[in-house]
Amino acid sequence: MAIRTFGPNAVDWEQRIDLDRLRRQRLARLHEALNRSELGALLSFDFANIRYMSSTHIGTWAMDKLIRFALLVRSGEPIVWDFGSAARHHQLYNPWLDYSDGKEGSPPTGARAGISTLRGAFHPDAGIGADVAAKVAAELREHGLAGEPLGVDLAEMPVLHALKEQGIDVVDGQQVFLEARRVKTPDEISLLTQACSMVDAAYEELYAQLRPGIRENECVGLVSKVLYDLGSEYVEGVNAISGERCSPHPHVYSDRLIRPGDPAFFDILHSHLGYRTCYYRTFAVGSASPAQRDAYIRCRAYMDEAISLVRPGATTADIVQVWPRAEEFGFPDETAAFALQYGHGVGLSIWEKPIFSRLVSLDHPEVLEEGMVFALETYWPAADGWSAARIEEELVVTADGCEVITKFPAEELLVAGRKYWTVGGELNTRRESQSHLNTREGRGER
């Protein structure tokens, strides 16, 4: 295995993830992307971009508030405006944001008190948007960039209007951020791999507990507990789908009771030090019908063919060409089938560059590079009209191919919650992998 995984603790006897290097390399890549662009500066309200730029974090509760913002100017250092108490915490515990040299008149800290409009919750007449724009404009003038385009990833309308009133030329900055984040640093790859290893453990527990009578929402709770016990920062979602809900795929769990013979697939999304997973697995519960097995075999074949093509220099078009057209599995067009045969970069957010989809990739291919990390997802509805298979693997592009970092077995359909044989007249309820089951049945055992 080329990609190593470590324990989460820091130790003195082994070189593990270097977080100082992670911070330096992320900021360096963002500066490189900014310097290649025509922009004078980048302004971010996006939680993941702020973290990439400044290595600050105040809790996942803030992800949808649009209240924090950060600025990076050419040849400058990040400035983060945050809640007053959070900014004070950054000043105390984030030394990489301290730019002063102790002398009078030296540059102030990069962690400052400041808030945006809180998705419109502040009174429109309070002038919050104007205050944001004034702070940004002052920094641009300080660095001689007042006349240069300002790239913004996302913003509320009052802030956008206030920036324009300051005479600032606001343009799309999200592409610059995503370009910087497209290829991962070695430490990012290690963190993404560690995040996957935690999901490996969650699937092991889920497989052991999955049985007729358990509900989808119980599975969500079970997985979430495993991940939080292992130190997950944030369980973003567990997509638990079973029975007739598998086709069409609803993308949201329910309180449905799982029944004997049901298919069940899950997508586990969580964050380890900010780095996400997107990781599907499919099971049969109690037993698997021929239709379910056939769907899984086809779903796996599309996955394996795609993985075999991943290497530096290949394109997203090369990958999606081996996947079925929307019309082949019951959809009128690629928009209607979007995200079923799909691929996407994974990093500080779930969907990053590159994107793999017949909707866009054939006409707008992206070249794969060493160090990219992305997920490939395949789906196939069964001939019975209600069950389906769903598989997802995360891969790292290596110098001569790729390495799969999602390790829970998915080469064949696993049957969970099945009672296999009796020993000494007593029922043995141990659950085994499908490969072990096949070995026992091949020997005539039950």
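Here the structure is a predicted model, which is why all the values come from computation and not from measurement.
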Do any N or O atoms from the side chain of Glu394 and from the backbone of Val373 form a donor-acceptor pair under 3.5 angstrom? no
Going through the distances and angles, do Glu216 and Arg245 end up as a salt bridge (Lys or Arg N to Asp or Glu O under 4.0 Å)? CA-CA 11 Å; Glu216 290 177 0; Arg245 299 183 71 243; 2.7 Å; yes
If you take the centroid of each ring, where Trp contributes its six-membered ring, are His249 and Phe265 closer together than 6.0 Å? yes
Using side-chain heavy atoms (C-beta onward) and a distance below 4.5 Å, is His90 in contact with Ile58? yes
Is it true that, when you exclude Glu38 itself, more than 12 heavy atoms of the residues, nucleotides or ligands shown sit nearer than 6.0 Å to its CD? no
Any cation-pi pair here, Arg26 with Tyr52, using under 6.0 Å and within 45°? yes
Pairwise side-chain contact, Lys407 with Cys196, heavy-atom cut-off 4.5 Å (strictly under): no
Just how far is it from atom CD1 of Ile350 to atom CZ of Arg276, taken to the nearest 0.5 Å? 6.0 Å
Indicate yes or no for a side-chain donor-acceptor contact from Glu366 to the backbone of Ile355 under 3.5 Å, with no hydrogens or angles considered. yes
Spacing of OG belonging to Ser349 relative to CG belonging to Asn49, to within rounding of 0.5 Å: 7.5 Å
For Tyr234, does its backbone N or O pair with a side-chain atom of His272 as donor and acceptor, under 3.5 Å? no
So, taking the atom named NZ in Lys184 and the one named CG in Leu191, what distance separates them when rounded to the nearest 0.5 Å? 12.0 Å
Option from Tyr302, Tyr379, Trp351 for which ring pair (Phe, Tyr, Trp, His ring centres under 6.0 Å) with Tyr342 holds: Trp351
Given the side-chain rings of His57 and Phe47, with only the six-membered ring counted for Trp, is the space between their centroids under 6.0 Å? yes
Quick one, Gln341 and Glu377 - any side-chain contact, counting heavy atoms below 4.5 Å? no
To the nearest 0.5 Å, tell me how far Ile17 CD1 sits from Leu22 CG. 8.5 Å
Any donor-acceptor N/O pair, Glu352 side chain to Leu348 backbone, under 3.5 Å: yes
Backbone N/O of Leu34 and side chain of Arg74: donor-acceptor pair under 3.5 Å: yes
Phe356 vs Phe374 aromatic rings, parallel, tilted or perpendicular, using cut-offs 30° and 60°? tilted
CD of Glu369: more than 12 outside heavy atoms within 6.0 angstrom? yes
In sequence, state the C-alpha distance, the side-chain angles, and the governing distance for Arg51 and Glu233, and then conclude on salt bridge (Lys or Arg N to Asp or Glu O under 4.0 Å). CA-CA 14 Å; Arg51 190 166 189 169; Glu233 179 179 275; 2.8 Å; yes
Pairwise distance OH(Tyr228) to CE(Met198) - rounded to 0.5 angstrom: 10.5 Å
Could you label the plane-to-plane angle of the His89 and Tyr93 rings as parallel, tilted or perpendicular, counting under 30° as parallel and over 60° as perpendicular? tilted
Has Arg390 got its NZ or CZ under 6.0 Å from the middle of the six-membered ring of Tyr280, at an angle within 45 degrees of the ring axis? yes
Tightest non-hydrogen contact, residues Val152 and Ala155, listed as CG1-CB, 3.9 Å
Would Tyr207 and Tyr203 satisfy ring-ring contact (aromatic ring centres under 6.0 Å, His included), going step by step from the backbone distance to the final call? CA-CA 6 Å; Tyr207 178 61; Tyr203 270 123; 9.9 Å; no
For Phe83 and Trp61, run ring-ring contact (aromatic ring centres under 6.0 Å, His included): C-alpha distance rounded to whole Å, both residues' side-chain angles, the deciding distance at 0.1 Å, then the answer. CA-CA 13 Å; Phe83 286 87; Trp61 64 270; 5.8 Å; yes
I'd like to know if the side chain of Thr378 reaches the main chain of Cys299, judged simply by a donor and an acceptor atom lying under 3.5 Å from each other, with no hydrogens or angles considered. yes
Distance-only, no hydrogens or angles: does the Arg29 side chain make a donor-acceptor pair with backbone N or O of Arg182 under 3.5 Å? no
Is it true that a side-chain atom of Ser242 and a backbone atom of Ile258 form a donor plus acceptor pair closer than 3.5 Å? no
Tell me whether Arg358 contacts the main-chain N or O of Val320 through its side chain, where contact means a donor paired with an acceptor under 3.5 Å. yes
Checking the side chain of Tyr296 only, and the main-chain atoms of Ala410 only, is there a donor and an acceptor separated by less than 3.5 Å? yes
